[in-house]
There are 2 protein chains.
Amino acid sequence: MAERAGVSIKTVSNVVNGYPHVSPETRLRVEAAIAELRYRPNLSARNLRQGRSGVIALALPDLAIPYFAELATRVIAAADQRGWTVLIDQTQGDRAKERLVVSGIRAHLIDGLLFSPLALTGGDLAARVDSTPMVLLGERVGRSPYDHVAVDNVAAAEEATAHLVQLGRRRIAAIGAQKAAAGVTARLRLRGFRHALAKAGLTEHAVAHVAAFHRADGATAMAGLLTGSPAGPPDAVFCFNDTLALGALRTLLARGIRVPDDIALIGFDDIEDGRYATPALTTVAPDKSQIADVAVDLLASRLSGTAAQPKELVAGHRLIVRESTLH
Amino acid sequence: MAERAGVSIKTVSNVVNGYPHVSPETRLRVEAAIAELRYRPNLSARNLRQGRSGVIALALPDLAIPYFAELATRVIAAADQRGWTVLIDQTQGDRAKERLVVSGIRAHLIDGLLFSPLALTGGDLAARVDSTPMVLLGERVGRSPYDHVAVDNVAAAEEATAHLVQLGRRRIAAIGAQKAAAGVTARLRLRGFRHALAKAGLTEHAVAHVAAFHRADGATAMAGLLTGSPAGPPDAVFCFNDTLALGALRTLLARGIRVPDDIALIGFDDIEDGRYATPALTTVAPDKSQIADVAVDLLASRLSGTAAQPKELVAGHRLIVRESTLH
DNA sequence: GCGGCTATTTACAACGTTAGATACAACGTT
DNA sequence: AACGTTGTATCTAACGTTGTAAATAGCCGC
């Protein structure tokens with residue numbers, strides 16, 4: 001211990017923690033000893049004593065999915081502002097792993113949990129007994145008693161679809177519907193898609209289902225729309241996220257179909273790749289920084305105990321028109 | 001405490017840790033109490049007692065950069081295999097932040113550190129005093145006494161360039177050189193590029209410098225090569241990573257230049273985006289899973305004290321030929 | 001039926017920190 | 001000169017866990 005400074009342990013603690021009533025010379029002496037002995041406070045001991053760790057977990061499906069990577073970047077930055085460290089749990093969208101995360105594997109190691117579930121059901125959440133504060137990212141799951149941040153998916157999807165209608169397209173398809181109870185996001189976006197078509201007095205040209213929101217799924221789904229539809233190909237497609245759209249784009253270009261001339265394409269998420277695709281991808285951009293900031297703020301309120309009812313916050317979004325829908 | 005089971009703290013500990021000499025009925029009783037009271041061992045206390053936390057840090061520039069996101073995914077998976085949790089530090093490639101990471105901000109919170117530096121100098125590493133085991137990812141930095149995993153950048157860059165030569169291209173340029181002492185990776189790839197050209201008896205057509213390895217830098221650099229070069233445009237370009245290449249591709253397609261017909265393009269990293277670009281990007285694929293596995297293994301040896309000399313391990317790579325260089 | 005063995009359980013101490021109470025000294029006031 | 005006040009430093013206990021040593025009980029062979 002750094003009593004090389006000829007001082008009690010507590011005084012060292014006081015210096016380290018900036019306690020005001022330490023004489024300048026003592027402080028200097030202690031700081032010198034700290035530097036000399038390369039003393040580092042043991043965070044485990046501090047955590048034990050204080051009952052909190054300064055670490056939060058961010059649980060998401062997979063960092064290799066650009067949307068989540070971009071979100072994680074912002075969450076880490078927001079947490080950093082508060083002096084928190086972020087630990088990542090990848091669930092692969094697997095229900096068993098998601099339940100594990102929610103059940104509190106990391107109890108007492110993390111102060112709070114930011115969780116972006118994919119497969120979790122309302123029942124899973126209701127059955128949760130772990131008391132670690134948790135904030136959900138993304139769609140609402142059941143009637144869960146947890147704080148929650150998401151964009152208004154129905155409205156956003158409606159805007160995206162309306163944009164296609166405004167271009168004068170009439171044979172409008174969607175890619176990204178999901179069978180499983182899992183696809184809450186998909187369900188909301190599909191609803192928005194249908195609202196917009198109904199408002200415009202159009203019927204949906206086709207809706208392609210996918211197993212996941214990956215490029216490969218988008219590519220396959222688009223191939224299906226081109227050949228499988230008895231009514232012929234669509235003239236515009238709303239993909240429920242950007243990776244689906246990039247996969248679809250790939251299929252179209254490979255077959256010499258012009259985008260947007262023959263088929264207009266719009267995505268969702270505004271990932272970096274979409275901006276540099278050719279043609280650049282029109283998309284709905286959720287305000288990821290806002291999502292991250294709000295989520296971290298919510299968690300902070302939970303931690304300080306000042307939060308009351310679970311809140312459901314809506315983050316902003318906006319349509320970004322790029323080449324894939326320019327006429 | 002779970003002495004609801006009518007048993008000492010230590011016995012609970014013994015049950016939790018699978019100590020063999022616990023009678024079956026006691027074990028059952030304790031397990032029942034644990035379930036009933038939802039008891040969770042306090043990891044901070046355990047860490048304090050045992051002197052290790054089961055947490056390692058992965059420090060990298062930015063998760064929003066696809067290569068690092070893909071690498072992080074694999075590191076987390078590899079760490080998971082060993083029961084370790086991964087905490088992420090984003091440095092933004094900023095030297096001050098990198099020094100902070102290396103100096104041990106997380107001392108006693110993490111058992112080890114996997115670090116992918118960008119701006120750090122050999123001097124910074126030599127000045128390191130923190131004793132947390134560390135394994136470096138990416139290029140060797142100075143003559144540092146640390147374990148270290150990377151692909152053979154010179155050889156890989158040479159292969160990439162040789163591939164362009166084999167296509168019959170003769171006006172071969174590179175994008176990605178860096179002025180700063182920082183760009184160790186860039187320097188090695190540039191060296192490989194020049195080796196290959198020298199072997200083929202060619203002179204370099206042009207070498208574009210970039211501030212960073214982002215899409216925007218690639219786009220700008222390519223524009224420069226097209227207009228700025230007195231010798232005219234190149235007929236092939238080796239980009240030092242895939243994001244540079246995707247940026248460059250965007251510039252080319254926007255100007256109606258055909259890839260690969262007019263200009264062939266090759267990247268480095270094999271990120272997912274490149275596979276779905278049109279034309280799909282030829283690239284050098286480092287074995288990311290191997291890098292992650294080996295790095296985690298190295299760290300494990302350090303932690304168990306069985307490691308001797310610092311090791312410098314070379315991960316595999318291979319050329320993946322796709323449309324952007326097909327003739 | 002006693003000594004020595006094994007199986008099971010417990011007691012104690014320690015990991016390094018910090019909140020709170022306490023000790024001490026110097027000072028100005030009455 | 002006795003008093004409270006203030007600033008500085010120390011003392012004590014506690015956070016929850018686990019390694020070690022020790023206690024207890026049952027069992028065997030003689």
Side-chain angles (χ1 to χ4, degrees), chain A residues 1-34 36-55 83 85 104-111 130-132 303-305, chain B residues 1-34 36-55 83 85 104-111 130-132 303-305:
Chain A
M1 183 52 53
E3 275 60 10
R4 157 72 125 270
V7 101
S8 80
I9 299 181
K10 186 63 213 289
T11 300
V12 174
S13 170
N14 286 338
V15 169
V16 168
N17 293 289
Y19 180 73
H21 298 300
V22 177
S23 73
E25 61 265 36
T26 304
R27 185 179 300 276
L28 281 178
R29 211 141 34 87
V30 171
E31 283 167 349
I34 286 178
E36 185 186 352
L37 302 182
R38 286 158 199 167
Y39 164 77
R40 300 276 172 187
N42 183 315
L43 298 183
S44 288
R46 178 180 288 171
N47 297 346
L48 174 60
R49 175 64 233 227
Q50 300 192 325
R52 54 205 155 70
S53 63
V55 175
T85 304
I105 1 162
R106 313 264 182 238
H108 297 282
L109 172 60
I110 59 172
D111 294 340
D130 187 66
S131 60
T132 308
L303 291 181
S304 63
Chain B
M1 183 51 54
E3 276 62 11
R4 157 73 123 270
V7 101
S8 80
I9 300 181
K10 187 62 215 288
T11 300
V12 174
S13 169
N14 286 339
V15 169
V16 168
N17 293 288
Y19 180 72
H21 298 300
V22 177
S23 72
E25 61 265 36
T26 304
R27 186 179 299 277
L28 281 177
R29 211 143 32 89
V30 171
E31 283 168 349
I34 286 178
E36 185 185 353
L37 302 181
R38 285 158 201 167
Y39 163 78
R40 299 275 171 187
N42 183 315
L43 298 183
S44 289
R46 179 179 290 171
N47 298 346
L48 173 60
R49 178 63 230 235
Q50 301 191 325
R52 51 203 158 70
S53 63
V55 175
T85 303
I105 0 161
R106 311 264 181 240
H108 297 283
L109 173 59
I110 59 171
D111 294 340
D130 186 66
S131 59
T132 307
L303 290 182
S304 64

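These numbers come from the heavy atoms of this one structure, side chains and all, not from hydrogens, waters or symmetry mates.
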Could you give the distance from CD1 (A:I105) to OG1 (B:T85), rounded to the nearest 0.5 Å? 7.5 Å

Should A:Y39 and A:V16 be marked as a side chain to side chain contact (heavy atoms under 4.5 Å, CB included) after you check the CA-CA gap, both sets of side-chain angles, and the distance that decides it? CA-CA 10 Å; A:Y39 164 77; A:V16 168; 4.2 Å; yes

Could you work out, with side-chain contact (heavy atoms from CB on, under 4.5 Å) as the rule, every residue matching B:R27, not counting sequence neighbours? B:V15, B:V22, B:E31

Grab the N/O contacts between the protein and nucleotides 6-10 of chain C below 3.5 Å, and write none if there aren't any.
unit_1	atom_1	unit_2	atom_2	d
C:dT8	OP2	B:H21	ND1	3.4
C:dT9	OP1	B:S23	OG	2.9
C:dT9	OP1	B:T26	OG1	2.2
C:dT9	OP2	B:S23	N	2.9
C:dT10	OP2	B:S8	N	3.0
C:dT10	OP2	B:S8	OG	3.2
C:dT10	OP2	B:T11	OG1	2.5

Contact class for A:R40 (heavy atom, under 4.0 Å): base, sugar-phosphate, or nothing? sugar-phosphate

Provide a list of protein-nucleic acid N or O atom pairs under 3.5 angstrom, restricted to nucleotides 22-27 of chain D.
none

Using side-chain hydrogen bond (donor to acceptor under 3.5 Å, both in side chains) as the criterion, list what pairs up with A:D130, not counting sequence neighbours. A:R128, A:T132

Gap between atoms CG and P, on A:L48 and D:dT17 respectively (whole Å): 9 Å

Send over the distance from B:N47 CG to D:dT17 C1', rounded to a whole Å. 10 Å

OP1, OP2 of D:dT18 versus side-chain N and O of B:S13: anything below 4.0 Å? yes

Please determine, for the side chain of B:N17, which listed nucleotide (D:dT17, D:dT18, C:dT17) has the closest atom? D:dT18

B:N42 atom CG is separated from C:dC15 atom C1', nearest whole Å, by 13 Å

Please tell me if B:R49 has a side-chain N or O lying less than 4.0 Å from either OP1 or OP2 of C:dA14. no

Using C1' atoms of five pairs at each end, report the bend of the helix from C:dG1-D:dC30 to C:dT30-D:dA1 rounded to 10 degrees. 60°

If you compare every side-chain N and O of B:Q50 against the phosphate oxygens of D:dT17 (OP1, OP2), does one of them come in below 4.0 Å? no

To the nearest 0.5 angstrom, please state how far the CG atom of B:L109 sits from the CZ atom of A:R46. 11.0 Å

Let me see the working for B:I9 and B:S13 under side chain to side chain contact (heavy atoms under 4.5 Å, CB included), right down to the final yes or no. CA-CA 6 Å; B:I9 300 181; B:S13 169; 5.6 Å; no

Name all residues meeting the side-chain hydrogen bond (donor to acceptor under 3.5 Å, both in side chains) criterion together with B:S44; count only those two or more places apart in sequence or in a different chain, and write none if there are none. none

So, taking the atom named CZ in A:R38 and the one named OG in B:S131, what distance separates them when rounded to the nearest 0.5 Å? 9.5 Å

Please find the pair of heavy atoms, one from B:L303 and one from B:D111, that lie closest to each other, and give the distance. CD2-O, 3.1 Å

Looking only at non-hydrogen atoms, find the nearest pair between A:H108 and B:L43 and report the distance. CB-N, 3.8 Å

Figure out the CD1/P separation between B:I34 and D:dT17, and round it to whole Å. 10 Å

What verdict does the side chain to side chain contact (heavy atoms under 4.5 Å, CB included) test give for B:T26 and B:R29, after you've listed the backbone C-alpha separation in whole Å, the side-chain angles of each residue and the deciding distance to 0.1 Å? CA-CA 5 Å; B:T26 304; B:R29 211 143 32 89; 3.8 Å; yes

